[in-house]
Amino acid sequence: MAVAASLELVQLTKRYGPTVAVDGINLHIRAGTYCCLLGPSGCGKTTTLRMIAGHEAASDGDILLGASNVTDLAPARRGTAMMFQSYALFPHLTVRDNVAFALKMRGVDKATRHAKAHALLDLVAMDPYADRLPAQLSGGQQQRVALARALITEPQILLLDEPLSALDPFLRIRMRTELRRLQRTLGITFIHVTHSQEEAMALSDLVVVMNGGRIEQAGPPRAVFNQPSSEFVARFIGGHNVITHQGRQIAVRTDRLALHPASATSASALRCTVTEVEYQGSFVQVALASDTGAELTAQIPEATFDAAPYAIGAAVLASWDATAAHPLG
């Protein structure tokens, strides 16, 4: 397989007429990193991925792969491969021939391309299905074939456009594990577009949160989750309450919010009314409306809630430890 390469985006911009889809972003992804581009629909993440792949021309800026500037190169000359959301397998070709197709187009002889196809199918646990057609495979099996097909050109960077979105929740979790295992085995750089916060947290070494064509925050998943840089990141990543308290805006994780009787007092607290109670197995999720008009959420451990339950309509004090409050810029 190819050696992993780093990727650097320098003031990368994409315009569609007067609309700026990607707005001068700068990003460095080290070789061998699993990077997730995360954000809502229309934030620019897929356009960024397509510019890296060469399927969209950059309006301004540069794309540096290793020591090479690939901004103006054709997709096949960039050292990248892209796995599309739809998988785009050829329905009339066997699994083996789907995987080997790119090598056939390069004039590689049949024996050599089939040997490489079988090696990659073995890597993704699909070699026993080499003679089947795509219609004879499940969604998860088709995804494995699409991965093998993308990898046969030995890319330095693999680009994945929401590869898990078409799978059911159980299979999605299973395939997350498979993607991470595959990336570690190959050692190459993966860049994965997703709108799922859970997916990005589970998979990435580097999570890049995008909004309005710009990068709001980039860093290791734990750092982004625990130290969101803005109100947008705190709300989009989830698991946080955004609170204005004592003249400043802070983020407090939902599992760091504690509930007390309304008669209690605390310097770091808001008086609230319980608006909803949802049992979630290991915890109870309590929705709150504060006296200031803010909507909050508390995740209370099941045993803690059972020892002091609160009904809808109850007046409570929602408090947090001062060390749990992260200031927002």
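Formation of a donor-acceptor pair under 3.5 Å by the Q299 side chain with backbone atoms of R256 is not found in this model.
The shortest side-chain heavy-atom distance between L328 and V233 does not fall under the 4.5 Å cut-off. Counting only heavy atoms from C-beta outward, the side chains of H240 and H326 never approach each other to under 4.5 Å. Under the 4.5 Å side-chain criterion, counting only non-hydrogen atoms from C-beta, L37 is in contact with T48. In this structure the side chain of M82 reaches within 4.5 angstrom of the side chain of D161, judged on heavy atoms. Inter-residue side-chain proximity for T185 and L123 is flagged as met; some heavy-atom pair is nearer than 4.5 Å.
Taking a 6.0 Å sphere around CD of E295, one finds it holds 12 or fewer heavy atoms contributed by other residues, nucleotides or ligands. Taking a 6.0 Å sphere around CZ of R174, one finds it holds 12 or fewer heavy atoms contributed by other residues, nucleotides or ligands. Taking a 6.0 Å sphere around CZ of R181, one finds it holds more than 12 heavy atoms contributed by other residues, nucleotides or ligands. Heavy atoms of other residues, nucleotides or ligands lying less than 6.0 angstrom from CZ of R214 number 12 at most.
Checking Q141 against R144 by side-chain atom types alone, no donor-acceptor pair falls below 3.5 Å. Judged by distance alone, the side chains of T194 and E199 do bring a donor and an acceptor atom under 3.5 Å apart. Of the N and O atoms on the side chains of S41 and H195, not one donor lies less than 3.5 Å from an acceptor on the other residue. Looking at N226 and R253, their side chains do bring a donor and an acceptor atom within 3.5 Å of each other. At a cut-off of 3.5 Å, with distance as the only test, a side-chain donor of E216 or S230 sits close to an acceptor on the other residue.
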### Query
Hey, mind stepping through H260 and Y310 against ring pair (Phe, Tyr, Trp, His ring centres under 6.0 Å) and telling me if it holds?
CA-CA 9 Å; H260 312 279; Y310 294 98; 8.7 Å; no
#### Entry: CA sep, side-chain torsions, deciding dist, call: S268, S266, side-chain hydrogen bond (donor to acceptor under 3.5 Å, both in side chains)
CA-CA 5 Å; S268 301; S266 173; 5.3 Å; no
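Checked for salt-bridge contact, R96 and D131 meet the test: a charged N lies under 4.0 Å from a carboxylate O.
Across all their heavy atoms, G213 and I25 have their closest contact at O-CG2, 3.5 Å. Here the closest non-hydrogen pair linking C272 and L288 is CB-CB, 4.0 Å. Contact detail for V193 and T46: the closest heavy-atom pair is CG1-OG1, 3.6 Å. Nearest approach of Q143 to P163, heavy atoms of both residues: NE2-O, 2.9 Å. Closest of all the heavy-atom pairs between Q142 and L137 is NE2-O, 3.4 Å. The two residues R248 and A325 make their nearest non-hydrogen contact at NH2-CB, 4.5 Å.
When each of H114, K110, R149, R113 is tested with D97 by the rule side-chain hydrogen bond (donor to acceptor under 3.5 Å, both in side chains), just one qualifies, namely H114. Each of I300, V286, T297 was evaluated against T254; a single residue qualifies, T297, per the side chain to side chain contact (heavy atoms under 4.5 Å, CB included) test.
Here D127 pairs with H118 under the side chain to side chain donor-acceptor pair (under 3.5 Å) rule; sequence neighbours left out.
When the side chains of ILVMFWY residues are joined at heavy-atom separations under 4.5 Å, either directly or via intervening members, L257 and Y279 end up in a single hydrophobic cluster. Hydrophobic clustering (side-chain heavy atoms under 4.5 Å, transitive across Ile, Leu, Val, Met, Phe, Trp, Tyr) groups L164 together with L151. I191 and I188 fall into different hydrophobic clusters, where Ile, Leu, Val, Met, Phe, Trp and Tyr residues are linked whenever their side-chain heavy atoms come under 4.5 Å apart, directly or through other members. Both L121 and L182 sit in one connected hydrophobic cluster of ILVMFWY residues. Membership requires side-chain heavy atoms under 4.5 Å apart, directly or through other members. Follow the hydrophobic side-chain contacts under 4.5 Å out from L317 and you never reach L296; the two are in separate clusters.
Summarising the geometry, atom CG belonging to N98 is positioned 6.5 Å from atom CZ belonging to F90; distances are rounded to the nearest 0.5 Å.
Remark: R184 fails to qualify as a cation-pi partner of F190 under the 6.0 Å distance and 45° angle criteria applied to the six-membered ring.
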